[in-house]
There are 2 protein chains.
Amino acid sequence: MSTRRATISDVARAAGVAASTASVVFSGKTPVSDATRQRVLDAAAELDYTGPDPRAASLRRGRSGIVGVVFEGALRTVFLDPVTRIMMDGVADGVASLGAGLLLLRDDDREPTLVSAPLDAAVLVGCNAGLRESMAILRSRGIPVVVIEGDAGPDVPQIDLDNRDAQREMAQHVRTLGHERVVAVTLPCDASRRRGWIPVDQQFTVDVTRDRLAGFRDVFPDAGALAAAGSSIDEGLIAGRVLFADPAGRPTAVIAQSDMLAAGVIRAAEEAGLRVAHDVTVTGFDGVSVDGLAPYELTTMAQPAADKGRAAGQAVAAMLEGRDAASFRFTCTFRAGNTAAAPSA
Amino acid sequence: MSTRRATISDVARAAGVAASTASVVFSGKTPVSDATRQRVLDAAAELDYTGPDPRAASLRRGRSGIVGVVFEGALRTVFLDPVTRIMMDGVADGVASLGAGLLLLRDDDREPTLVSAPLDAAVLVGCNAGLRESMAILRSRGIPVVVIEGDAGPDVPQIDLDNRDAQREMAQHVRTLGHERVVAVTLPCDASRRRGWIPVDQQFTVDVTRDRLAGFRDVFPDAGALAAAGSSIDEGLIAGRVLFADPAGRPTAVIAQSDMLAAGVIRAAEEAGLRVAHDVTVTGFDGVSVDGLAPYELTTMAQPAADKGRAAGQAVAAMLEGRDAASFRFTCTFRAGNTAAAPSA
DNA sequence: TTGTAAGCGTTATCAG
DNA sequence: CTGATAACGCTTACAA
């Protein structure tokens, strides 16, 4: 009912002790006599005081208990993209020892930003566009950072994937099967997310796309690559329709840069009356299970998404505890499904 | 290189202006002459000052720009449970207008808690255990709260689902099909998450479980109900194995309280050599697509999870902007699949 | 064990 | 348009 919320000084005054004493009653940092503690607690109850204001405490302590997880693009991908989701689960696990909350942020100018959020540490996820700039800001703030799948410079711990090697392995598998008319369906090349055939002089701001494409090109240097506007079944469908529009010139194998894209390509193949594996080979990347794809099991490169996230979380925890955090590179493993086969004569 | 990070006063001093002037240069709240602004900006660049410390700013302003989303149990459920995921996507959407960040928190004593996190507002998701207590804390802090699927008292906006009605509708459907030996497989009853047959005098701290069970009992007052320890395929499998262990006494229909549980029950049915629909009817709840369930399509009650989240987010935004936020109850819709049929003679 | 004092870094207010 | 001042609410040496 009072006009103003009670502060610790109010409580202290009511209890007849100093504010500092009331403070330690709540923090427990220093022994306090039972009698005093009780008086303080009673006063607090009386005044409806529920404990120190976190804002003031964090200013004073210099810690907020918040770890930022920064994404490129819309926040919804966090919840909708299966790989990101699994990775986030790992991050949550990795920072568990810190008891920190995860603050979801995006890599743009919308609030809250890296600049305006009270972070103890940050995990940058696949942020490539403004990465350097973000890093500079965080560094000058003295906020420890870990980067997942992005190049942030020498002294920033990075959690990486062997994207190029993995995609090369898959491409080799496809070539070994005997395919020659092969096309890649890629993730977006840059923030514009433009769909279409990728020109040879394409600039990439998305490292994952660039690296997986490089692995593909290691095996099929002259093959075409069609960029999608995102990693979804719908995008894969759109790309697939382009590929299968001309029955004569269609590829015998499609190497997609994500399982979601591959699933869409498969759908397009079905639309076009093609039998997957028999008429056209389709491979994925990530190793997440895609819903509703039965009876197909994607032939794909499985990545340890949860481990990646966990490693990032643990790295952040280490840095916050003053320990060193090392970079780490994870490896994908080939997973055979039933969507790849030798081309039909 | 300096021993201490630069503050706005340092910048102001270097620029030869007052701290308050430097402040407005960064906040833009008051007109500043171009010359002054430039001097301040130059000084800031020189000192490697990247802007006001968010902790100090939020103490001063009384706003942190952070909305807490509080879950009961482990944070990983946020990323692993499909309903929660979809709902979170809605929440993110709903608070978008605020420019606030979402801080993922858990409803327990680990840091950061409701007490120690710098929140402007909070969304409590399915928190029933410590709900009252949490509410009391938040209220005395003057932090607006919205509760999703939980009863927090009269003057707290709640986003609800017609759980009882919906489950009753499903139960009626099953009865109409002709089933008599029917069993419910439920979500956990309380924080203990004990598995097993639910006694008549069971106390529920999880409203969802209680309400859906009530709807079931409206139609099958004397039927048994088997509690699972969570909402997952594995838990459904465990429950299903119990139900189908005795071929003689097995139910002809199983009404599960979530799609994940239903998927597990279906798996158990397959294990037991039963044909779903033909030998045993299995129904779900939620209307999320469960991976790998083909060729089955669950007969289920679909809930508008994203809408629920969005409504919560918008309610929070409204309260923060000083407007009133109303409670809202969403309705589930029956969705026919191929997992329910009349009992075989 | 308790109290004193000195900030933490910012920004709202109001006068100039 | 700029500056002085006074909080914001708390914590932590250090002194008593």
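Residue numbers start from 1 in every chain, and the chains themselves are labelled A, B, ... in the order their sequence lines are given, proteins ahead of strands. As a basis for the values below, the full set of heavy atoms in this structure was taken, side chains included, without hydrogen atoms, waters or symmetry mates. No experiment lies behind these values; they were computed from the predicted model shown.
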Could you give the CD1-to-P distance, from A:Ile8 to D:dT12, as a whole number of Å?
->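 In whole Å, D:dT12 P and A:Ile8 CD1 are 11 Å from each other.
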Whole-Å distance separating the NZ atom of B:Lys29 from the P atom of D:dC1 =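 Going from NZ in B:Lys29 over to P in D:dC1 covers 17 Å.
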Side chains of [X] and [Y] only: does a donor on one sit below 3.5 Å from an acceptor on the other?
{"X": "A:Ser33", "Y": "A:Thr36", "answer": "yes"}
{"X": "A:Asp34", "Y": "A:Gln38", "answer": "no"}
{"X": "B:Asp48", "Y": "A:Ser140", "answer": "no"}

Tell me which residues in residues 18-26 of chain A put a heavy atom below 4.0 Å from DNA chain D, sorted by number, or none.
->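 When residues 18-26 of chain A is checked for heavy atoms under 4.0 Å from DNA chain D, the hits, listed by number, are A:Ser20, A:Ser23.
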N/O to N/O distances under 3.5 Å, protein versus nucleotides 6-8 of chain D:
| residue | atom | partner | partner atom | Å |
| --- | --- | --- | --- | --- |
| D:dA7 | N3 | B:Arg60 | NH1 | 3.1 |

Examine distances only and state if a side-chain atom of B:Asp10 and a backbone atom of B:Thr7 form a donor-acceptor pair shorter than 3.5 Å.
->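 Between the backbone of B:Thr7 and the side chain of B:Asp10 there is a qualifying donor-acceptor contact (under 3.5 Å).
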Residue whose closest nucleotide on DNA chain C lies nearer the 5' end, B:Gly51 versus B:Thr30 =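 The residue whose closest nucleotide sits nearer the 5' end is B:Gly51.
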Could you list where the contact with chain A starts and ends along DNA chain C, reading 5' to 3', using a 4.0 Å heavy-atom cut-off?
->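 Span of nucleotides near chain A: C:dT1 to C:dG9.
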With B:Val40, the side chain to side chain contact (heavy atoms under 4.5 Å, CB included) member among B:Val24, B:Ile8, B:Val17 |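 Exactly one option meets the side chain to side chain contact (heavy atoms under 4.5 Å, CB included) with B:Val40, and it is B:Val17.
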With heavy atoms under 4.0 Å as the rule, sort B:Thr36 into base, sugar-phosphate or nothing.
->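 Sugar-phosphate, no base atom in range.
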Would one find more than 12 heavy atoms of other residues, nucleotides or ligands at under 6.0 Å from atom CG of B:Asp155?
->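 More than 12 within 6.0 Å, yes.
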